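Working notes, beginning with the structure itself.
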Amino acid sequence: MQSYIEIKVPIRWEEPWFEDLRDMLDGVNIRWQRGYYHITMAFLDDSPRGVDLITGLNNRLHQTTAPTITFDKLDAFATGGGRRQVIHLTTTKAPAGFLALVEDIRSHFKAKGCTIQSAFRLHVTLGRVDDPRMNVRKLLDIISEVDLPATTLTLRDVEFRIFRGKTLATWKLPHSNA
């Protein structure tokens, strides 16, 4: 069964920089993400039947405070053998604590016999480009013109979901007292 764990990123479709980005790419064949912005911490290509994954996630997430990430970069990467691109929001300074949490969760899944083929890439998908006129270099040239203000967000909501299916578990991470 394919499933994934994500942490939601509270950005809005109406953000001025996001509107500018869409305007600059008007006429390009893009499937824009409309809401439901998140970072996929681990995508499970397969997991053994009957294995309890949620207890281990509970143990990890109940002792974790909500990470704070400053998103300050628009970027793009190629998928599908370079035929498609993903436009995304990311950070130039990923918090070490968040990266350690992601690695701990991925290690938990692997120890339980799950198959994870994709490496972790800290990104929030904004749109998927399927346009033969575009490549990553062209996209980067265009998106570099967007005035993206650095935005610091605290990420509290975590979901473990079946791919294109139901939610298996949710968590609300507490704010740090620091």
Side-chain angles (χ1 to χ4, degrees), residues 1-13 15 18 31-80 84-129 150-178:
M1 166 180 69
Q2 291 183 317
S3 57
Y4 60 98
I5 186 165
E6 66 184 16
I7 190 162
K8 294 184 179 189
V9 179
I11 61 171
R12 298 174 309 113
W13 176 260
E15 302 280 352
F18 200 1
R31 283 185 302 126
W32 292 106
Q33 187 85 11
R34 287 184 149 280
Y36 205 68
Y37 304 104
H38 65 277
I39 298 167
T40 300
M41 299 185 333
F43 186 91
L44 309 180
D45 295 288
D46 194 25
S47 55
R49 289 196 184 279
V51 172
D52 177 15
L53 299 173
I54 294 174
T55 298
L57 291 173
N58 280 333
N59 293 341
R60 285 158 176 80
L61 294 170
H62 282 145
Q63 57 187 334
T64 300
T65 56
T68 298
I69 300 177
T70 299
F71 294 93
D72 58 357
K73 182 178 181 183
L74 290 170
D75 207 349
F77 60 85
T79 65
R84 291 182 298 274
Q85 300 84 37
V86 173
I87 300 168
H88 62 94
L89 180 66
T90 191
T91 181
T92 55
K93 295 179 184 168
F98 178 69
L99 295 176
L101 172 64
V102 169
E103 187 52 40
D104 187 37
I105 287 171
R106 294 170 68 87
S107 294
H108 162 66
F109 286 140
K110 289 175 185 174
K112 292 290 189 174
C114 299
T115 304
I116 301 175
Q117 294 178 2
S118 59
F120 175 70
R121 180 187 299 232
L122 195 159
H123 74 283
V124 180
T125 297
L126 301 174
R128 293 169 181 84
V129 180
T151 304
T152 302
L153 300 171
T154 300
L155 311 181
R156 299 192 64 209
D157 298 306
V158 179
E159 286 191 6
F160 183 43
R161 306 175 53 89
I162 294 174
F163 182 58
R164 296 191 175 130
K166 69 178 183 173
T167 300
L168 301 172
T170 62
W171 298 267
K172 186 166 283 293
L173 303 178
H175 285 285
S176 170
N177 292 331

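All residue numbers refer to positions in the sequence shown, counting from 1. Only this structure's heavy atoms are used, side chains among them; waters, hydrogens and symmetry mates stay out. Values in this document were obtained by computation on a predicted structure and should not be read as measured data.
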ask   = Taking all non-hydrogen atoms of both residues, which atom of Asp45 and which atom of Ser118 are closest, and how far apart?
value = OD2-N, 4.4 Å

message = If I compare all heavy atoms of Arg156 with all of His175, which pair ends up nearest, and what's the gap?
response = CD-NE2, 3.2 Å

Main-chain N/O of His123 paired to Thr90 side chain as donor or acceptor, under 3.5 Å = no

ask   = Which residue pairs satisfy the salt bridge (Lys or Arg N to Asp or Glu O under 4.0 Å) criterion with at least one member in residues 50-72, sequence neighbours excluded?
value = Arg60-Asp104

query = What are the two closest heavy atoms between Phe120 and Thr40, and how far apart are they?
reply = CE1-O, 3.3 Å

query = Do Leu57 and Phe109 pass the side chain to side chain contact (heavy atoms under 4.5 Å, CB included) test, and can you show the C-alpha distance, the side-chain angles, and the key distance before you say yes or no?
reply = CA-CA 9 Å; Leu57 291 173; Phe109 286 140; 3.8 Å; yes

inquiry  = Contact between Val158 and Thr170 at the side-chain level, heavy atoms closer than 4.5 Å - yes or no?
reply    = no

request  = Working to the nearest 0.5 Å, report the span between CG of Leu61 and CG of Leu173.
outcome  = 6.0 Å

inquiry  = More than 12 heavy atoms of other residues, nucleotides or ligands under 6.0 Å from NZ of Lys112: yes or no?
reply    = no

request  = To the nearest 0.5 angstrom, please state how far the CH2 atom of Trp32 sits from the CG atom of Leu126.
outcome  = 7.0 Å

ask   = Are the side chains of Leu44 and Phe163 in touch, meaning some heavy atoms are under 4.5 Å apart?
value = no

message = Please verify the inter-ring angle class for Phe77 with His88; under 30° counts as parallel, over 60° as perpendicular, anything in between as tilted.
response = tilted

ask   = Between Trp13 and Phe18, what is the ring plane arrangement, given parallel below 30°, perpendicular above 60°, and tilted in between?
value = perpendicular

key: Approximate separation, where rounding is to 0.5 Å, of Ile105 CD1 and Thr64 OG1   = 7.0 Å

message = If you apply the rule side chain to side chain contact (heavy atoms under 4.5 Å, CB included), what do you find for Thr70 with Thr151, and how did you get there?
response = CA-CA 5 Å; Thr70 299; Thr151 304; over 6 Å; no

ask   = Say you draw a straight line from CD of Gln2 to CD1 of Ile162; how long is it, rounded to the nearest 0.5 Å?
value = 11.0 Å

ask   = Is it true that a side-chain atom of Asp157 and a backbone atom of Lys172 form a donor plus acceptor pair closer than 3.5 Å?
value = no

remark   = Between Leu53 and His108 the two heavy atoms that sit nearest each other are O-NE2, 3.0 Å

request  = Compare every heavy atom of Ala94 with every heavy atom of Leu122, then report the nearest pair and how far apart it is.
outcome  = CD1-CB, 3.9 Å

ask   = Rounded to the nearest 0.5 Å, how far apart are CG of Asp46 and CD of Gln117?
value = 9.5 Å

key: Aromatic ring proximity Phe71/Tyr37, centre distance under 6.0 Å   = no

key: Any pair counted as salt bridge (Lys or Arg N to Asp or Glu O under 4.0 Å), so long as it reaches residues 158-170, sequence neighbours left out   = Lys8-Glu159, Glu159-Arg161

inquiry  = To check you understand the geometry: which heavy-atom pair defines the closest contact between Pro10 and Leu155, and what is its length?
reply    = CD-CD2, 3.7 Å

CA sep, side-chain torsions, deciding dist, call: Val9, Ile69, side chain to side chain contact (heavy atoms under 4.5 Å, CB included) = CA-CA 10 Å; Val9 179; Ile69 300 177; over 6 Å; no

query = Rounded to the nearest 0.5 Å, what separation is found between the CG atom of Leu168 and the OH atom of Tyr4?
reply = 10.0 Å

